[in-house]
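Both ligands and their constituent atoms are indexed starting at 1 by order of listing. Values below: every heavy atom of this structure, side chains too, minus hydrogens, waters and symmetry copies.
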Amino acid sequence: MKRNYSLYIVLLAALLLFRPAMIQAAPKTLDIYFIDVEGGAATLIVAPSGESLLIDSGFPGERDAGRIARVALDVASLKQIDHYITTHWHQDHVGGIPKLSQLIPVKHFYDHGLPATLPQDIRPESIDAYKQTVQGKSVALKPGDLIKLESTPKNSATLKILVLAANGLVLGEQPGAPQIKVCGPNFAALPEDKSDNANSVGILLSFGRFKFFDGGDLTWNVENRLACPRNLAGAVDVYQVDHHGVDNSNNPVLISALNPRVAIINSGPRKGGEARTFATLKGMKDLQAIYQLHRNLRTTAKDNAPSDFVANDEEACHGEFIKLSVDANGKSYQVSIPSKQISRAYQTR
Ligand SMILES: [Zn+2]
């Protein structure tokens with residue numbers, strides 16, 4: 001009798017020990033949250049291992065840092081952000097990181113390199129606040145670099161995050177390469193973009209066969225070089241629409257090369273999601289859906305996705321996010337707008 005009783009105690013102890021571990025088990029999907037920062041960018045990637053990468057941090061102040069922290073802590077159940085990339089130095093991308101790093105620990109910082117002198121479009125206070133935050137520990141990325149996220153649990157697809165563009169160069173180019181390079185039958189240049197948008201870090205994430213491209217605010221002439229002479233990304237499943245869907249980005253040469261199945265526009269109510277970009281996306285032969293973080297209030301219904309593909313319909317919004325979940329094998333994925341309880345499934349191409 002006595003021996004059986006101790007067995008129960010051992011079993012009970014084992015249950016108590018292992019139950020919390022089961023509840024907090026690492027997610028089996030690869031999740032990407034497109035957090036609404038109203039015309040800025042904040043894309044949170046959580047690997048099946050639980051390791052995380054945030055790309056951009058929205059505008060300065062409480063609002064965007066608060067929204068990112070809420071998704072990271074309360075929705076994705078993260079304890080820290082393991083990796084953080086600032087695609088470029090505009091305040092709608094780098095602005096939130098000083099405040100955010102007070103709300104949740106941020107471990108590793110990456111960017112395209114701190115500028116030696118400050119051009120007019122970069123605010124000195126943004127750079128100062130960033131330097132204060134990273135304390136000399138940021139890494140400048142170059143094309144070809146890999147962001148290493150901890151290996152995924154067994155049976156998951158392989159995750160790879162490759163830098164395709166940074167500091168005005170695309171993969172395979174040497175420093176000093178010109179921004180405008182004649183290439184391809186549909187070549188058309190815009191005047192040279194001297195803003196920091198052209199220096200954006202652009203990444204290609206692959207998870208098994210699933211592919212996702214986030215090019216920050218890359219603009220027209222650099223986009224052409226991503227697609228010509230070589231299609232560096234290849235066809236992708238999901239395209240985070242460059243530069244919030246502004247028309248001096250989203251060169252049809254690149255969009256045709258990416259030929260996305262799903263496009264997600266991180267627009268604001270009065271920024272991005274512009275009509276020409278919307279039309280270019282709609283014209284892609286394999287495109288199945290366009291999602292928007294915000295309805296564009298400056299255009300009409302024909303230049304916006306239907307409401308159940310839009311996370312925030314009104315300007316006075318609650319900052320609702322879009323969630324992408326890729327199955328562990330990388331063969332299918334769901335895009336959802338949790339606030340509207342809408343979810344759709346797509347097959348990886
Ligand atoms: Zn931007």
Side-chain angles (χ1 to χ4, degrees), residues 32-45 53-61 63-65 67-68 84-100 110-113 115 118-127 129-130 141 164-168 179 190 193-203 212-223 226 239-251 254-255 263-274 276-278 281 291-298 311-312 315 317 319 321-322:
I32 306 181
Y33 301 89
F34 300 86
I35 300 167
D36 177 34
V37 289
E38 305 196 23
T43 305
L44 177 64
I45 299 167
L53 163 66
L54 175 69
I55 305 178
D56 292 324
S57 56
F59 288 91
R63 184 196 69 187
D64 294 352
R67 286 180 183 176
I68 298 165
Y84 166 69
I85 299 175
T86 301
T87 60
H88 64 295
W89 300 118
H90 288 162
Q91 62 159 3
D92 56 324
H93 295 257
V94 68
I97 192 62
K99 181 73 197 165
L100 180 65
Y110 312 84
D111 50 58
H112 71 62
L118 285 188
Q120 283 216 325
D121 62 317
I122 301 178
R123 296 184 183 209
E125 64 269 27
S126 296
I127 300 293
Y130 179 78
L141 294 169
L164 290 184
N167 205 20
Q179 182 183 110
L190 284 184
D193 175 12
K194 300 213 189 291
S195 80
D196 202 44
N197 289 331
N199 295 323
S200 289
V201 173
I203 62 105
F212 165 67
F213 179 77
D214 174 350
D217 284 359
L218 283 173
T219 45
W220 194 272
N221 300 324
V222 184
E223 290 176 324
L226 278 169
Y239 171 45
Q240 177 179 305
V241 176
D242 281 351
H243 198 185
H244 323 285
V246 170
D247 284 347
N248 69 355
S249 298
N250 298 294
N251 188 330
L254 175 66
I255 298 185
I264 299 180
I265 309 178
N266 53 5
S267 49
R270 297 176 192 278
K271 180 181 171 188
E274 292 181 359
R276 184 173 66 186
T277 294
F278 195 80
L281 291 167
Y291 287 84
Q292 293 168 227
L293 275 177
H294 270 271
R295 182 164 67 92
N296 184 353
L297 300 175
R298 299 172 309 165
N312 300 280
E315 191 157 21
C317 68
F321 62 90
I322 294 172

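In this structure, CD in E38 is found 11.5 Å from CZ in R270, a value given to the nearest 0.5 Å.
Counting only distance, with no hydrogens or angles, the side chain of S57 and the backbone of G96 share a donor-acceptor pair below 3.5 Å. In this structure, N250 contributes its side chain and V241 its backbone to no donor-acceptor pair below 3.5 Å.
Residue contact annotation: H244 places an N/O/S atom under 2.8 Å from the Zn ion (ligand 1). Among the backbone and side-chain atoms of H243, none of the N, O or S atoms lies under 2.8 Å from the Zn ion (ligand 1).
Between the side chains of T86 and H93, no donor-acceptor pair is found at a separation under 3.5 Å.
With the Zn ion (ligand 1) as vertex, D217 OD2 and D92 OD2 subtend 150°, rounded to 10°.
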